[in-house]
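The chains referred to below are lettered A, B, ... by the order of the sequence lines, with proteins before strands, and numbering in each begins at 1.
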Number of protein chains: 2
Amino acid sequence: MTVTEQEPGELTVEAVLRQLPLTPRTLRYYEEVGLIAPSSRTSGGHRLYDQKTVERLQQILRLKENLGVSLQEIREILDAEQALDALRQSFHQNRQDHERQLEYTDRYIEVLRQLIEKMDEKIESVTAMRDRYQERLQKSLYFRENGFRKNETEGE
Amino acid sequence: MTVTEQEPGELTVEAVLRQLPLTPRTLRYYEEVGLIAPSSRTSGGHRLYDQKTVERLQQILRLKENLGVSLQEIREILDAEQALDALRQSFHQNRQDHERQLEYTDRYIEVLRQLIEKMDEKIESVTAMRDRYQERLQKSLYFRENGFRKNETEGE
DNA sequence: TACGCACCTGACGTCAACGTTAGGTTTCGC
DNA sequence: GCGAAACCTAACGTTGACGTCAGGTGCGTA
């Protein structure tokens with residue numbers, strides 16, 4: 001029983017790729033542009049990730065796939081999120097940090113609002129599109145059964 | 001009153017760009033990859049488009065924007081559509097063409113089915129995403145008002 | 001009929017998001 | 001303790017979807 005992981009639940013590159021449709025290169029590229037970072041390394045320099053990073057990657061993939069936002073934009077979103085998170089982790093609670101907390105929270109809230117708005121717009125336009133294509137499909141199915149008249153203007 | 005158009009409703013490049021958020025270059029590029037074609041040209045070689053092409057362009061933009069499909073895929077979709085359309089236009093109705101009509105119709109129907117499925121998936125996943133982010137927003141708003149407790153694990 | 005703007009055809013440039021190759025090191029199962 | 005497979009860094013290559021420039025032509029209007 002040779003346990004590979006050093007810390008409980010640290011994942012090798014391979015282990016991450018088993019969970020997500022990525023390549024090693026993509027993982028390294030995302031690190032290069034500041035989207036993720038390995039939680040640690042082996043003594044030999046191999047990257048190790050934690051489960052939080054996997055979730056982060058899932059979020060990245062969803063943002064890409066569903067909203068088509070660039071990695072740059074994704075980074076801004078995740079940064080706002082992380083800045084707030086980091087601040088919450090730190091225990092400093094003097095007035096200074098309270099100010100900063102409000103600032104970061106507001107920034108994050110704004111990011112969230114815009115994202116949600118974007119999603120709502122997308123849902124709406126895709127739905128409208130779906131309806132149009134659904135109608136086309138119905139017509140084609142009808143056409144397939146009944147053949148078509150020369151002039152489609154004639155009702156029957 | 002100097003009417004530019006030769007045929008009723010033929011549009012110059014500029015007229016098309018007034019209706020759609022494109023550049024001349026994009027118009028030419030789409031022609032290059034076989035997505036559109038000018039309905040005619042002026043004697044001097046300037047492109048003229050009809051309204052059908054404008055609608056085609058709108059469809060292209062929607063497919064790109066909403067589903068994120070490549071121009072290559074879009075071409076396949078539009079081709080299936082156009083093949084059927086062309087066949088319907090032709091008046092040949094012998095058995096041969098009937099066979100072909102069925103074939104093209106089926107192909108188009110299949111294309112439509114897959115597209116609609118894709119849209120449904122997208123609607124679903126974006127909606128799910130929206131709900132997740134909505135929840136985050138609620139939390140952040142609550143947090144903003146009430147500050148946050150050290151251990152968020154405690155219910156209250 | 002002259003002028004300015006729109007348009008033309010090449011052709012090369014660009015940018016994001018990776019792919020690929022080279023040449024070496026690490027890890028792991030046996 | 002060894003060999004195959006996974007991983008490393010560094011660097012150049014690729015692909016889609018256009019942008020941009022050069023050098024010339026067409027078009028509408030004053």
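Remark: P of dC7(C) and CZ of R41(B) are 13 Å apart, rounded to the nearest angstrom. Put simply, OH on Y49(B) is 13 Å from C1' on dA6(C), counting in whole angstrom units. For E65(B) and dA17(D), the CD to P distance is 14 Å, given to the nearest whole Å. Whole-Å rounding puts the R47(A) CZ to dT26(C) C1' distance at 13 Å. Spacing between atom CZ of R75(A) and atom C1' of dA16(C) amounts to 14 Å, rounded to whole angstrom units. A straight line from CG of L17(B) to P of dC5(C) spans 18 Å, rounded to a whole angstrom. The distance between atom CZ of R28(B) and atom P of dG10(C), rounded to the nearest whole Å, is 11 Å. Atom-to-atom, CD of E73(B) to C1' of dT15(D) comes out at 14 Å; the value is rounded to the nearest Å.
Residues E14(B) and R25(B) each lie close to DNA chain C; by heavy-atom proximity, the contact nearer the 5' end of the strand is made by E14(B). Both S70(A) and V13(B) lie near DNA chain C, and the one whose nearest nucleotide falls closer to the 5' end is V13(B). Nucleotides of DNA chain D nearest to Y29(B) and G44(A) differ in position, and the one nearer the 5' end is that of G44(A).
We find the CD-CD distance between E81(A) and Q59(A) to be 5.0 Å, quoted to the nearest 0.5 Å. Atom-to-atom distance recorded for E32(B):CD and R28(B):CZ is 9.5 Å, nearest 0.5 angstrom.
With the end axes of the helix from dT1(C)-dA30(D) to dC30(C)-dG1(D) each set by five pairs, the angle from one to the other reads 30° at 10° resolution.
The hydrophobic cluster containing L11(B) also contains L20(B), counting ILVMFWY residues as joined when their side-chain heavy atoms lie under 4.5 angstrom apart, directly or transitively. V33(B) and I60(B) fall within a single hydrophobic cluster, where Ile, Leu, Val, Met, Phe, Trp and Tyr side chains are chained together by heavy-atom contacts under 4.5 Å.
Pairing each heavy atom of T26(B) with each of L22(B), the nearest pair is CG2-CD2, 3.9 Å. Closest heavy-atom contact between R130(A) and I123(B): CD-CD1, 4.0 Å.
Residue T26(A) places none of its side-chain N or O atoms closer than 4.0 Å to OP1 or OP2 of dA17(C). OP1 or OP2 of dG19(C) sits under 4.0 Å from a side-chain N or O of T23(A). The side chain of K64(B) places no N or O atom within less than 4.0 Å of a non-bridging phosphate oxygen (OP1 or OP2) of dG16(D). Of the side-chain N and O atoms in Y30(A), one or more sit less than 4.0 angstrom from OP1 or OP2 of dC18(C). Between T42(B) and dC7(C), a side-chain N or O to OP1/OP2 separation shorter than 4.0 Å is absent.
In this structure, of dG16(D), dC7(C), dC7(D), it is dC7(C) that holds the atom nearest to the side chain of H46(B). Checked against dC27(D), dC8(D), dG16(D), the side chain of S43(B) finds its nearest nucleotide in dC27(D).
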